[in-house]
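Below: one structure, written as structure tokens.
In this text the structure is predicted, and so the values were computed from the model without any measurement.
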Amino acid sequence: MRLLADFRYIYYRNKKVQSCYRVMEKAIESGRELPEGFFDEPESKRPSKFSTLNQGLVCMAVGIGSFIWCIGGAYELDEGFGALLVGLAAIFTLIGIGKLILYRVESRKEVRDTDEQTTEIE
């Protein structure tokens, strides 16, 4: 199934590139100039820093909630399944902490870039 999805993605991406080349060829043949940003690749869609914050908080909440649920007696920690749930809770918590650190680093970088721009203007 994954192979089929990959094939469809590559097929339609290739079709899109070919249609772009056809437009370029027709413009060159007719002597028209292409718009300024026609050859530029579109920017990748990165998640905003606030979605990173939201994802981090949700992952931490799921991890901590699962951990409290396991410790609260829902499962014995001596059992294999209880230990597995505690491990999953730890993974979610650590992913959430990592996303919060990423949010903090991006915020500091943005502030630093803004400070550099204001000093250049002065």
For a quick test of your reading: what N or O donor-acceptor pairs under 3.5 Å do the side chains of residues 82-102 make, sequence neighbours left out?
from	atom 1	to	atom 2	distance (Å)
Thr93	OG1	Ala89	O	2.8
Lys99	NZ	Gln55	OE1	2.9

Restricting to side-chain contact (heavy atoms from CB on, under 4.5 Å), what partner residues turn up for Lys26, sequence neighbours left out?
none
Return the set of residues passing side-chain contact (heavy atoms from CB on, under 4.5 Å) with Arg22 (not counting sequence neighbours), or none when no residue passes.
Gln18, Ser19
How long is the span from the CG atom in Leu53 to the OH atom in Tyr103, to the nearest 0.5 Å?
5.0 Å
Following the transitive rule for hydrophobic clusters with a side-chain heavy-atom cut-off under 4.5 Å over Ile, Leu, Val, Met, Phe, Trp and Tyr, establish whether Leu57 and Ile68 coincide in one cluster.
yes
Does some side-chain heavy atom of Cys20 sit less than 4.5 Å from a side-chain heavy atom of Met24?
yes
Other cluster members, Ile10 - Ile/Leu/Val/Met/Phe/Trp/Tyr, side-chain contacts below 4.5 Å
Tyr9
